[in-house]
Every structure is written in C-alpha cells, then in structure tokens.
Amino acid sequence: MGTDDSDDPDPGLLEDETTGQTNLSDATAETPASSSPSQEASEDRSAGDSSEHSSQSIEDMLLEFDEQQGLIRDRSLLDPNYVVEEDRIVGRDAQLQEVTKMLRVALGDNRPPNLFLYGPSGTGKSLITKAVCNNISRICVSRDIRFGTIEVNCQDLDTLGVAVYELAQQAADEAGIEVQVPKHGVATKEKWDELFRIVNTHFDSVVFVLDELDMLVGRRDKQEPAFSRLLYQLSRAGANDELDAYISVVAISNDTKMMEAVGSRAVSSFTPEDVHFDDYDADQLKSILRRRHDAFHDDVLDDDVIPLAAAFAAQTHGDARKAIDLMRVAGELAEREGDARVREEHVRAAQAKVEKNRVLEVVRGISTQKKLCLYATAAVASQTIDGTARSTTGYRVYQYLTDAIGADQYHQETYVNKMKELTTYSLVDFERRSHGPSSGMFLEFQFGERPETILETLREDSRIEAVSEGEVNSVVKAQIRNQT
C-alpha cells in the first residue's frame, strides 16, 4: 500500500517565479487633519447626541429585518450545491438514467461498476451523483443494507496522504465514529489501513465520490499524479478483496482529458464506464431556474429576471451553478435595497458582482508571472471580434509587460504552460489551431468570464496598474494586425 506521499509541505510546489511577486495593492488610509482637544470633545458629544436620537442599535436593526417578509422564501433552493428533488433536475435525463442503472446494483449482492463523469463545470455531474446516491441510501435503509456515500472534493487537497485521510474522515462521519489516526505525522499506509477498517466494519456497500479529481496532482517529484495513484489503490482494494464491502468509485472531472494522465496500472484496475455531461443551453437553464422560482415569494420576480440570468450563464459554458448563483445574488441585492421586486437591474448588478468575485478569488492566489500571462492574454481577447487570443500574440504582449515592469521574462513554452495551468480554475480554456500553412500551429485561448472583468481585477495589482492601459491597448492592436 502506498507510503509514498508525505504530509509535509512540498518545496516543489512553491512557485519558481517569486521575483517581482506582489499582492493586490492595499488601500491607502488617509490621515485626518489634527483637531484640538476641545473640538474633539465637542464632536464626540455631538456624535453621541446624534446616535441617541437617530441611529438604531444592532438589535433593533436585526429585529426590524426579521419582521420584514423579504423576497427570498427558501434560500436552500438558491444554493448550487443543494440536492434538489428529482422533478427539479432538468436536461439530464440520459445521464440520470445511465448513472442510476449502473449504481443500482448496490441495492443487491453485487459490486457496482466504476464511473468517470466528465464535462464542464456546473453541468450536473455532482448533482446527479448525489441524487442517485441519496435514493440508493433511502432504499438500502428499508432493506437493512448498510450503504454509505463517501464524498470528497479534491480541489483543496495537497497530497495523496491528505486525500486518503479526508476519505477516512468522511467514512467515519458517515458511520458516526472517530478516526483513529492523526492527519499528519503518519505514513499514508496507516491512513489507508484506517479507511479500510472503517469501511469493512461499518458498511456493506460504499460509493466513493471523488469530485474535481483532476485537481489532486500531488507532489511533482512523483512519476504519476496523485489522482492516478488514488484511483489505483481504491479500485485495486475493491478487486483484491481488501475491502469486504462492495465499492464503486465515481470520478468526477471538468477535464475531459483527465484519463490520459492516469497511469496504465490504474487504468487497468479502474476501467470506468464513461458518462459525458455537455453544456446546458439557455432554454435548459431557464427551465432549471423556473423549477427553483419558488425559492422566492409569490409575484416578486419580474418576467425578464429568469431569461436574463439564464442568458448570462449560457454565455459562460452553460454553467447552472452560475445561473442559480445569479438568482440568489440578485434577490439579496434587491432585499438590501429594500425593493419590493427583483428586477433586471438586480440581475445585471449580480452578474458584475459574481464575475468580479470569482476572478478576485483566483488572482489573489497566483504569482506575478501568472498574472502577467493572464493579463496579456485577456488584453488580446478583449480586442478580437470573437473574444479569443492566440498564444503567439498573447506571448508578444506578455513580453511587452515584463519589459515594462522589469520582471523576469520566460520563454514562450513557459508562458503557454502557465496559461494551461490557469485552465484548472475554469477562467480560460484552449484549443489547438492552425490558420493556414503560413501561420503554423498555436493555441487559441477562450475565456469563461468577460476578458474586461479579468483586466479590471488584475489592474488592482500595483505593478500591473503602473503600466499604461492605453499603451497596452496600442501594443495589442499592433500585434493583432501583424497576425498571419
């Protein structure tokens, strides 16, 4: 069993381009002009008198809001991760049937097949899996079968050892017991042994759900990514009877090519059934939102709210999570403003807010070099008719930016690799293209958010903000004209 992943921080995971690293610039506080003691005392008394007569206490404000009916009746329906009833699941009949038919053998004395669910973010992969497993669990209770769903999201897991501990923790929570090994300071094999002990003792049948599995890369000095080794150990344990319970592994990924990075041993033991999830179109997104409209009180949504939220989400790869999020934020903005209805302007304000927050969340954690690569590529995309950016053109703008701020400049291959790494955040995607014999091969980047939002957010970095926006635009236009 694998003992090859330490829980200690991996030096190899540190960015190699710390030169020129900067955080988003801090706001500068203004120092007020000095006042005399008598003036300050007078102002304090005035402020106190004013607060006694005109301001509300925190309790008063809370109770006042509590007494208001508000616009949102059931906030759980506006949570993209909430598992809704079957009749609210839209546009996924084929996938729902496939997953149900393959996992239903858990109801009897059989081992379910392993599954690989892939497709863009927000297309129902996790929702379908949870809905099916919830129904299996309910039926198993009536049949006295100890069924468990052990689910982890791999996005924030560093190493194989951390992932195995998280699986053991989730299994223990499902069984209502405590994990008997520490998270740090023990070999990965001990964590595997603890996971198997819990499953063997407390379950007859288990579905392991590994969401965003492609994000579990692990240490860079390993020959294969951590998600490959995780799949191998789990599927081999089921096949070799190390686990007494019948198990199925459901791997979920936004990366359609994830299985290409899985090692040959893991492929041989995992051998999943593939289920593809494509983008929702605008009509499907409208249907999804209409089936959640009762999250709001009656007659508080303007007629154009749902079509507009669906249209915004359809523009960004048909992401149902984004559509639901837009509805929630629009409703909350209308409530805060004290409006009696949710209107089109609330959806547009929500779109700007959600978009900006998502980009901020990503760029706060990336290095200066990745920011420069992203800024250069988004600057090109913002100036093209179809909103795409060729890697060759983006790299020349990147060269200009690094020269302008005196940062280290990497070769085009490194620029491309850093842009590829950013695809894991669903901000950008790419395709390999050729526009004829004279242009050669290049990558063409497309953005999941408006390039303008990315540019606006990145300019909050003090070093990027120092570069003239007008000069960047001039360089971009010149490079686009020179494209062959």
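No experiment lies behind these values; they were computed from the predicted model shown. Heavy atoms only: backbone and side chains are in, while hydrogens, waters and symmetry mates are out.
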Atom [atom1] of residue position [X] - does it have more than 12 heavy atoms of other residues, nucleotides or ligands inside 6.0 Å?
X	atom1	answer
His293	NE2	no
Asp386	CG	yes
Glu86	CD	no
Glu178	CD	no

(Q) Salt bridge check, Lys353 against Glu332: does any charged N sit closer than 4.0 Å to a carboxylate O? (A)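 No.
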(Q) Strictly below 4.0 Å, N to O, side chains only: are Arg197 and Asp193 in salt-bridge contact? (A) no
Q. For the atom pair CG (Asp79) and CZ (Arg328), what is the distance rounded to the nearest 0.5 Å?
A.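 The distance works out to 8.0 Å.
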Q. Under the criterion salt bridge (charged side-chain N to carboxylate O under 4.0 Å, His left out), which of Asp302, Asp304, Asp299 is the partner of Arg341?
A.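 So, applying the salt bridge (charged side-chain N to carboxylate O under 4.0 Å, His left out) to Arg341 and each of Asp302, Asp304, Asp299, only Asp302 qualifies.
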(Q) Is there a side chain to side chain donor-acceptor pair (under 3.5 Å) between Gln446 and Asp429? Walk through the geometry before answering. (A) CA-CA 5 Å; Gln446 310 96 30; Asp429 203 352; over 6 Å; no
Q. Are side-chain heavy atoms of Val179 and Tyr165 found at a separation under 4.5 Å?
A. yes
Q | Aromatic plane relationship, Phe116 with Tyr118 - under 30° parallel, 30 to 60° tilted, over 60° perpendicular | A | parallel
Q. Any luck finding a side-chain donor-acceptor pair between Asn417 and Glu421 under 3.5 Å?
A. no
Q: Write down the atom of Leu115, the atom of Pro272, and the distance for their closest heavy-atom approach.
A: C-CB, 3.8 Å
Q) If you look at every heavy atom in Leu285 and Ala320, which pair is closest and at what distance? A)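 Closest approach of Leu285 to Ala320, heavy atoms only: CD2-CA, 3.7 Å.
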Q. Could you walk me through whether Arg92 and Asp278 pass the salt bridge (Lys or Arg N to Asp or Glu O under 4.0 Å) check?
A. CA-CA 9 Å; Arg92 289 294 175 259; Asp278 50 6; 3.5 Å; yes
Q) Yes or no on side chain to side chain contact (heavy atoms under 4.5 Å, CB included) for Phe227 and Met258, after CA distance, side-chain angles and deciding distance? A) CA-CA 9 Å; Phe227 63 74; Met258 188 199 81; 3.9 Å; yes
Q) Between Gln170 and Glu166, is a side chain to side chain donor-acceptor pair (under 3.5 Å) present by the stated rule, with each step listed? A) CA-CA 6 Å; Gln170 294 301 318; Glu166 187 64 24; 3.1 Å; yes
